[in-house]
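Source: prediction; values computed, not measured. Any value given below was found using the heavy atoms of this structure, including those in side chains, with hydrogens, waters and symmetry copies removed. Letters A, B, ... are given to chains in the order of the sequence lines, protein chains preceding strands, and every chain is numbered from 1.
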Amino acid sequence: MNIKQLLAAKTQAAMIKVGLPADTNTAVTQSTKVEFGDYQINGAMAAAKLLKTNPRALAQQLVDVLELHDIADKIEIAGPGFINVTLKPDWLATQLQHAVADPRLGVSANTTPQTVVVDYSAPNLAKEMHVGHLRSTIIGDAVVRALEFWGDNVIRQNHMGDWGTQFGMLIAHLEDKLAAGVDLETVALADLEDFYREAKKRFDDEAGFADKSRDYVVKLQGGDAHCQKLWQLFIDTSVKHSEEVYRTLNVTLGHDHIKPESAYNPMLQPIVDDLKARGIAVEDQGALVVFLQELADKEGNPSPFIIQKTGGGFLYATTDLAACQYRSHELNVDRIIIFTDARQALHFKQVELVARKAGLLRAETAYEHCPFGTMMGEDGKPFKTRTGGTVKLAELLEEAVVRAEAVVKGKSTELSAEEIAEVARKVGIGAVKFADLSKNRTSDYIFSWDAMLSFEGATAPYLQYAYTRVSSIVRRAGISDSFSASLILAEQQEKQLALKVLQFEETLQQVMKDAQPNLLCNYLYELASQYMSFYEACPILKDGIEPALRDSRLMLSILVAKLLAKGLDLLGIDVMERM
RNA sequence: GCGUCCGUAGCUCAGCUGGAUAGAGCAACGGCCUUCUAAGCCGUGGGUCAUAGGUUCGAGUCCUAUCGGGCGCGCCA
């Protein structure tokens, strides 16, 4: 059920009846205050200007022909021409009855499913995942889950960085380690950061090593068996590190979703040749460049986009063009969504322009780069630890679980040791994910241990706690799965909660359209918050509650719990029966 | 220099196609556990929405300029 959409459709019909064009903006929104009803229609004011009539008079005309008799209780005109709509509790109750029985929790069917590629996480396999990788990984995963729940055909692609210049240096270093008889996983690559630093140091300091590294890159990309083998060893180990983090994070990325840079290698030369033959790319200072007039500066200097280096090497620009072709033409997708940090915004703008020009992207394929800001330290400067390095993602998650366990032990005296460990894991990981997912900013944001590992207020544990409260009531009530009752929405808290429940689809649509899971976080927090108010104000199993009212409130509680569990599941956060 | 994202309460952040008296959390202060889990609830204080203009019935939201910050701008990814 999408109430906003329903009201917009009804308003549009009314607008046509009073002689307004069909494309007039209805401007239906959720009301900001209870005095203004549940929804408000703001379109009359702008439309009146167009018709040069009195906005209040036009609002009255609209109200006269609006067909909302079975939906709304009250339709009022206020201020300069707002139309405030208050929904009927009976109607809300009917919608809720439908939602409870529905596996989709009342979310309507997807009548036009799309095929969507979502490109996210994309760790650099030369290094270990650090906190900066958190955003792309969990935002992308949340959007993927939302799209799948809605009913789109989603193709996950983990565009892992496994093909850069640095791999020459790494495999040369690895070769020497293996020759010295060092064990691969437990010693040589136990810490990717250390390994990278060692290799870099040799590259900078050791005579001959840099040349060997460069030689190895060429050999590797040319298909040399020895270098390929060393590279494969390195990649396999590094992928294992990433997959461990994914498991801990409860992210749905698996082995089959890896579509690394190297996979596009065979496509690069033909694409470059084609662009050159068609005059889209031209030689300049030894490199092959596409000049983009669309992104020219004020003096008219076009923006250069290098697709082949002097000497014939390819860049990630080339790889991204190949990815466009593969996704749009081979996978035939309707939509491509790419999650990377905002620093790459210009790059992806260029990729799209070139790809469209060259026909690598079909006109029917939407190309959306979804950027997010850089992580800053608490001093407002780009994030670094005291020692100058970054914080490893695995370390952050470990710390989260440790801190959560201390809290769980202090609060939940009835849980077994195993249950405590389980709850601590769900709370700790959930808190980190929610802290990051709930931020919208495409600009930079400040990383704080305490904020990320807080368990109070607008956090994942708050939502999980709301869920356990319902679970506890259901246990005490001793009701079965098939429990059913009619809903009575009498108290203000009950009606507000019911309305919030029915606004899930509106939120979901927005989340998918803008690729912004923070809207879902906000929604779930508001839902939980309203449930907490309802819980305090509307007793359920206490003495003196009428059976019909008790059952209605149980019903509402169960629906909220289902929605919380589903919503958190879309964010990749687990719930539990007790905490 | 040019481009881009941003500047909202002491701190961290919401604020949907421009809508009515700008909202949360944390921190501070005051209440609420012999009755459904106090990781909670209820309440109080806290704002020239960076600044100055403009557009209009209406601007935190759109436009222009200025100040302050992050990032990007030819062979890294």
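A stacked arrangement is assigned to A:Phe82 and the six-membered base ring of B:A20, with a centre-to-centre distance below 5.5 Å and an interplanar angle below 30°.
Residue-level contact check: A:Ser472 touches the bases, meaning some heavy atom is under 4.0 Å from a base atom. Using a 4.0 Å heavy-atom criterion, one finds that A:Ser533 contacts the sugar-phosphate atoms exclusively. A:Lys411 comes within 4.0 angstrom of a base, heavy atoms only. Across all strands, A:Ile446 comes closer than 4.0 Å only to sugar-phosphate atoms, never to a base (heavy-atom distances). If you check every strand for non-hydrogen atoms under 4.0 Å, A:Gln464 touches nothing. Within the 4.0 angstrom heavy-atom criterion, base atoms lie near A:Ala287. If you check every strand for non-hydrogen atoms under 4.0 Å, A:Phe305 touches nothing. If you check every strand for non-hydrogen atoms under 4.0 Å, A:Cys521 touches nothing. Heavy atoms of A:Lys4 sit under 4.0 angstrom from at least one base atom. At the heavy-atom level, A:Glu577 lies under 4.0 Å from base atoms of the strands shown. Within 4.0 Å (heavy atoms only), A:Val290 reaches no atom of the nucleic acid at all. Using a 4.0 Å heavy-atom criterion, one finds that A:Tyr535 contacts the bases of the nucleic acid, with or without backbone contacts as well. Using a 4.0 Å heavy-atom distance criterion, A:Ile306 is classed as a base contact. Within 4.0 Å (heavy atoms only), A:Glu414 reaches no atom of the nucleic acid at all.
Across the C1' atoms, B:U66 and B:G72 are found 23 Å apart, a figure rounded to whole Å. Rounded to a whole angstrom, the distance from the C1' atom of B:G43 to that of B:C6 is 35 Å. Using C1' as the reference atom, B:C57 and B:G23 are 25 Å apart when rounded to the nearest Å. Comparing the same atom, C1', in B:G15 and in B:A59 gives a spacing of 14 Å after rounding to whole Å. Nucleotides B:C62 and B:U17, compared at atom P, are 9 Å apart to the nearest Å. B:C49 and B:G7: their P atoms are spaced 14 Å apart (whole Å). The gap from the P atom of B:U21 to that of B:G60 amounts to 10 Å, rounded to the nearest Å. Between B:A9 and B:A14, the two C1' atoms lie 13 Å apart (nearest whole Å).
Listed candidates were B:C71, B:C2, B:G19. Nearest to the side chain of A:Arg343 is B:C71. When each of B:A77, B:G19, B:G15 is scored by its nearest atom to the side-chain atoms of A:Met45, the top-ranked nucleotide is B:G19. The A:Val427 side chain lies nearest to B:A39 when the options are B:A39, B:A77, B:G19. The side chain of A:Gln344 sits closest to B:A77 out of B:U12, B:C36, B:A77. Between B:A24, B:A20, B:G40, one nucleotide has an atom nearer to the side chain of A:Glu536 than all others, and that is B:G40. With distances taken from any side-chain atom of A:Lys439 to the nucleotides B:A14, B:G40, B:C75, the minimum falls on B:A14. When the nucleotides B:C13, B:G72, B:U37 are ranked by their closest atom to the side chain of A:Arg469, B:U37 comes out on top. Set against B:G19, B:G25, B:G74, the side chain of A:Pro304 has B:G74 as its closest nucleotide. Taking every side-chain heavy atom of A:Asn84 into account, B:A20 is the closest of B:A20, B:G19, B:A77. Nearest to the side chain of A:Tyr465, among B:U21, B:A39, B:A20, sits B:A39.
Taking both residues in full, the closest heavy atoms of A:Lys200 and A:Met169 are given as CA-SD, 3.9 Å, listed atom of the first, atom of the second, then distance.
Nucleotide B:G47 forms no Watson-Crick or G-U wobble pair with any nucleotide shown, as no partner meets the under 3.5 Å limit on both distances. Using Watson-Crick or G-U wobble geometry with both donor-acceptor distances under 3.5 Å, B:G30 finds its partner in B:C42. Using N1 to N3 plus N6-O4 or O6-N4 for Watson-Crick, or N1-O2 and O6-N3 for G-U wobble, each under 3.5 Å, B:C75 pairs with nothing.
One atom, CG of A:Leu519, and another, P of B:A14, lie 10 Å apart when rounded to the nearest Å. Summarising the geometry, the separation between CG on A:Asp297 and C1' on B:G1 is reported as 10 Å, rounded to the nearest angstrom. Put simply, CD on A:Glu456 is 15 Å from C1' on B:U37, counting in whole angstrom units. Summarising the geometry, the separation between CG on A:Asn522 and P on B:A14 is reported as 8 Å, rounded to the nearest angstrom. Going from atom CZ of A:Phe372 over to atom P of B:C5 covers 17 Å, rounded to whole Å. A straight line from CD of A:Gln350 to P of B:A77 spans 14 Å, rounded to a whole angstrom. Taking atom CG on A:Leu564 and atom P on B:A39, their separation rounds to 17 Å, with Å as the unit. Look at CG on A:Asn54: it is 11 Å from C1' on B:C57, rounded to the nearest Å.
A syn orientation is assigned to B:C33, its glycosidic angle lying within 90° of 0.
In this structure, A:Thr310 does not reach the B:C75 phosphate: none of its side-chain N or O atoms is under 4.0 Å from OP1 or OP2. Contact annotation: A:Lys542 does not reach the phosphate of B:U35 (side-chain N/O to OP1 or OP2, under 4.0 Å). The side chain of A:Lys513 contributes no N or O atom lying less than 4.0 Å from OP1 or OP2 of B:C16. Within the 4.0 Å cut-off from OP1 or OP2 of B:C36, not a single side-chain nitrogen or oxygen of A:Arg553 is found. Residue A:Asn440 places at least one side-chain N or O closer than 4.0 Å to OP1 or OP2 of B:G15. Residue A:Thr32 has a polar side-chain atom (N or O) positioned under 4.0 Å from OP1 or OP2 of B:A20. The side chain of A:Tyr462 contributes an N or O atom lying less than 4.0 Å from OP1 or OP2 of B:C41.
Within the 4.5 Å cutoff, no side-chain heavy atoms of A:Ile3 are placed close to those of A:Asp38. Put simply, the side chain of A:His159 does not reach to within 4.5 Å of the side chain of A:Tyr120, judged on heavy atoms.
For the residue pair A:Gln493/A:Ser533, the side-chain donor-acceptor check at 3.5 Å is not satisfied. For the residue pair A:Glu505 / A:Gln5, no side-chain donor-acceptor distance below 3.5 Å is found, with atom types taken as modelled. Side-chain contact annotation: A:Gln221 with A:Asn265, donor-acceptor N/O pair under 3.5 Å absent.
A cation-pi arrangement, defined by a distance under 6.0 Å to the six-membered ring centre and an angle within 45 degrees of its axis, is present between A:Lys259 and A:Tyr264.
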>> Set out, in order, the CA-CA distance, both residues' side-chain angles and the distance that settles side-chain hydrogen bond (donor to acceptor under 3.5 Å, both in side chains) for A:Ser557 and A:Tyr535, then state yes or no.
In response: CA-CA 9 Å; A:Ser557 296; A:Tyr535 181 93; over 6 Å; no
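A 6.0 Å sphere centred on CZ of A:Arg475 holds more than 12 heavy atoms belonging to other residues, nucleotides or ligands.
Listed by first and then second residue, the side chain to side chain donor-acceptor pair (under 3.5 Å) pairs involving residues 450-465 of chain A are A:Arg403-A:Asp450 (not counting sequence neighbours).
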